[in-house]
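Numbered from 1 within each chain, the chains take letters A, B, ... in sequence-line order. These values consider heavy atoms only, across backbone and side chains, with no hydrogens, waters or symmetry-generated copies.
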Amino acid sequence: MTHDPTNDLTTDLTNLGQFTIHATDGQARRASLTTAHGVIQTPIFMPVGTQGSVKALAPDDLENAGAQIILGNTYHLYLRPGDELLARKGGLHRFANWTKPILTDSGGFQVFSLKEIRKLSEDGVEFRSHLDGSKHFFSPEKVMSIQNNIGSDIMMVLDECVAYGADYDYTAKSLELTTRWAKRCREAHPKHKNGQLLFGINQGGFFKDLRERSLEQLTEIDFDGFAIGGLSVGESIPEMYDMLQHIAPLMPADKPRYLMGVGTPLDILEGIGAGVDMFDCVLPTRNARNGTLYTSRGKVNIRRAEYREDDSPLDPDCQCYTCRTFSKAYLRHLFVAGEIVSYRLNSLHNIAFFLTLVRQAREAIEQGRFAQLKARYVDVFAPGNGDGIK
RNA sequence: UCCCCGGUAGCUCAAUCGGCAGAGCGGGUGACUGUUAAUCACUAGGUUCGCGGUUCAAGUCCGUGUCGGGGAG
């Protein structure tokens, strides 16, 4: 059984994939992208909901925090609950009651993160399930089919996310493989079939000529957008920024640019400054569950003893439910006591913080003052500049 | 009054034949980047109940006191 997501579309399909740039400020772009479930205003941060849920948050929480689009993951959703079940339930949107756009990662990151339990070949990736050890084969065609069943608005091609430290020869061969897989994904999924967009993924490790080669090959294929993969895999911040600044401006200007898996508030601003439009990262939600909260004054580890009696809000400049309602002392208590609502309140805040950040970036670009906005955040978050704790 | 068991980190407890006093939890911190993560790492806490003895060496053996638990009368 196949699922046709066009059944419950909210958008005029004639504009599908349309990417309109409304303003620029240096390399930074203020734009919008039309998907089957709505128009995304960029630059945007996309909360990660690997298993069909942004951990600890319900759709209402996400909407209240201002989320426009969330992620799902092909590998995880295939294993559980299964893409065919999702198709029977009307796709992930209907199953999870999330009416806005969804982007699905292809499983390419699991090639990196689950490298102990997978085998690569020309035809695809064989994974051993991290849940029960069973074997599963992900070809580019299979990954397209799974994402069809999930019904995501933006699908990603299967790629090999190369680990940091890979040598030149390996990285070169890997990028060629990623290109061949990208072509097969495009062939398996004709443009805008089911109202679903498809993005290619740039690889090439930390070799600029390989990154450029990857980009040249990918741009010959008709994708709706292009992603930078293989960053934030263990390299230093300067190495990441150096590659980002090199490759992002070379990407097609008339298509959305997506920096996968990045990053911290400063990483995101660096990316926007280099011309990137879309970001996703587990950092706000994972850190929230581990007690690290982002505020306009810097990072706050809510577990710290100094907040035991602190009646002030987490972030006086934040409009989120958590900051409007509770004191740091109470949030600390909830976290230390391991209360479940702690994970929700913390996640809600961190997501709101990241979404506020990109909203401010959009406004700043429109007003030609992006550099000032970035400088303000660097002031707060740069190492040795008050990064840690206020 | 007698008999038995016990007293080791803030808490609950380990420690071989007498051979460098440890763990878990708790405390104090840090890390986390397309989620195998409500996870992981680091760190500070000691008159081993007191006193005396044996021994090269005692948390450990002996004597005595003390505190707690149990039993007998």
Does any nucleotide pair with B/G6 by Watson-Crick or G-U wobble geometry, both distances under 3.5 Å, and what is it? B/C67
Could you tell me how far apart A/Met46 (CE) and B/U35 (P) are, to the nearest whole angstrom? 11 Å
Say we look at B/G69 and B/U64: how far apart would their P atoms be, to the nearest angstrom? 23 Å
Check every strand shown and say whether A/Thr292 touches a base, only sugar-phosphate, or nothing at a heavy-atom separation below 4.0 Å. base
So which one's nearest nucleotide on RNA chain B is more toward 5', A/Phe335 or A/Ala305? A/Ala305
P-based separation of B/G26 from B/C40 [nearest Å]: 12 Å
Taking B/C42 as the reference, what is the distance to B/A23 when you measure between their P atoms (whole Å, please)? 11 Å
Which whole-number value in Å describes the distance from A/Arg304 CZ to B/G28 P? 10 Å
Base, sugar-phosphate or nothing for A/Arg80? Non-hydrogen atoms, less than 4.0 Å. nothing
Can you list the steps and then say if A/Arg29 with A/Arg257 is a side chain to side chain contact (heavy atoms under 4.5 Å, CB included)? CA-CA 10 Å; A/Arg29 302 121 63 88; A/Arg257 300 163 172 166; 3.5 Å; yes
Polar side chain donor-acceptor pair, A/Asp132 to A/Ser134, under 3.5 angstrom: yes
Atom-pair distance (CG on A/Asp105; C1' on B/G34), nearest Å: 4 Å
Just do the side chain to side chain contact (heavy atoms under 4.5 Å, CB included) check on A/Met240 and A/Val262 with the steps written out, would you? CA-CA 10 Å; A/Met240 181 174 91; A/Val262 174; 4.1 Å; yes
Tell which nucleotide pairs with B/A72, taking only Watson-Crick or G-U wobble pairs whose two distances are both under 3.5 angstrom. B/U1
Can you measure A/Phe112 atom CZ to B/G34 atom P for me and round it to whole angstrom units? 10 Å
Across all strands, who's sitting opposite B/C20 as a Watson-Crick or G-U wobble pair, both distances under 3.5 Å? none
Is the closest side-chain donor-acceptor distance between A/Asp267 and A/Tyr241 under 3.5 Å? yes
Taken to the nearest whole Å, CG/A/Leu77 to P/B/U35 is 10 Å
Examine the base of B/G30 for any acceptor or donor lying under 3.5 Å from a partner atom in the side chain of A/Arg303, and report the outcome as yes or no. yes
Between P on B/G34 and CD on A/Gln203, what's the gap in Å once rounded to a whole number? 14 Å
C1' atoms of B/U47 and B/U16, separation to the nearest Å: 26 Å
Identify all pairs in which a protein N or O lies below 3.5 Å from an N or O of nucleotides 36-38 of chain B, and state each distance.
| from | atom 1 | to | atom 2 | distance (Å) |
| --- | --- | --- | --- | --- |
| B/U36 | OP2 | A/Gln110 | NE2 | 3.1 |
| B/U36 | OP2 | A/Ser113 | OG | 2.8 |
| B/A37 | O2' | A/Arg289 | NH2 | 3.3 |
| B/A37 | N7 | A/Arg286 | NH1 | 3.2 |
| B/A37 | N7 | A/Arg286 | NH2 | 2.6 |
| B/A38 | OP2 | A/Arg289 | NE | 3.0 |
| B/A38 | OP2 | A/Arg289 | NH2 | 3.2 |
| B/A38 | O2' | A/Tyr343 | OH | 2.4 |

Identify, with sequence neighbours excluded, every residue that meets salt bridge (Lys or Arg N to Asp or Glu O under 4.0 Å) alongside A/Arg286. none
Answer with yes or no whether the side chains of A/Ser312 and A/Asp310 bring together a donor and an acceptor at under 3.5 Å. yes
Base of B/G65 relative to its sugar, syn (within 90° of 0) or anti? anti
Touch check for A/Leu334, heavy atoms < 4.0 angstrom, all strands: base, sugar-phosphate only, or nothing? nothing
Hey, does the side-chain of A/Asp159 have a donor or acceptor N/O within less than 3.5 Å of a partner on the base of B/G34? yes
Is there a side-chain contact between A/Thr50 and the phosphate of B/U35, meaning an N or O under 4.0 Å from OP1 or OP2? yes
Provide the distance between the two P atoms, one in B/A9 and one in B/C5, to the nearest whole Å. 22 Å
Suppose we define a pair by two distances each less than 3.5 Å, Watson-Crick or G-U wobble; what does B/U43 pair with here? B/G27
Quick one, A/Glu339 with A/His333, criterion side-chain hydrogen bond (donor to acceptor under 3.5 Å, both in side chains). Give me CA distance, side-chain angles, the key distance, then yes/no. CA-CA 9 Å; A/Glu339 282 295 329; A/His333 160 69; over 6 Å; no
Taking atom P in both B/C2 and B/A44, what distance in whole Å separates the two? 47 Å
Less than 4.5 Å apart, any side-chain heavy atom of A/Leu197 and any of A/His192? yes
Take atom CG of A/Asn350 and atom P of B/U33, then tell me their distance rounded to the nearest Å. 14 Å
Which part of the nucleic acid, if any, lies within contact of A/Ile201, taking any heavy atom under 4.0 Å across all strands shown: a base, the sugar-phosphate backbone alone, or nothing? base
Chi angles and distances behind the side chain to side chain contact (heavy atoms under 4.5 Å, CB included) call for A/Phe138, A/Ile146: CA-CA 10 Å; A/Phe138 282 55; A/Ile146 296 170; 4.0 Å; yes
Report yes if at least one side-chain N or O of A/Asn301 is closer than 4.0 Å to OP1 or OP2 of B/U29; otherwise report no. no
What is the distance, to the nearest angstrom, from the CG atom on A/Asp280 to the P atom on B/U35? 7 Å
Using atom C1' of each nucleotide, how far apart are B/G70 and B/U29 to the nearest Å? 44 Å
Using the P atom as the reference point in each nucleotide, state the distance between B/U60 and B/A41 in Å, no decimals. 35 Å
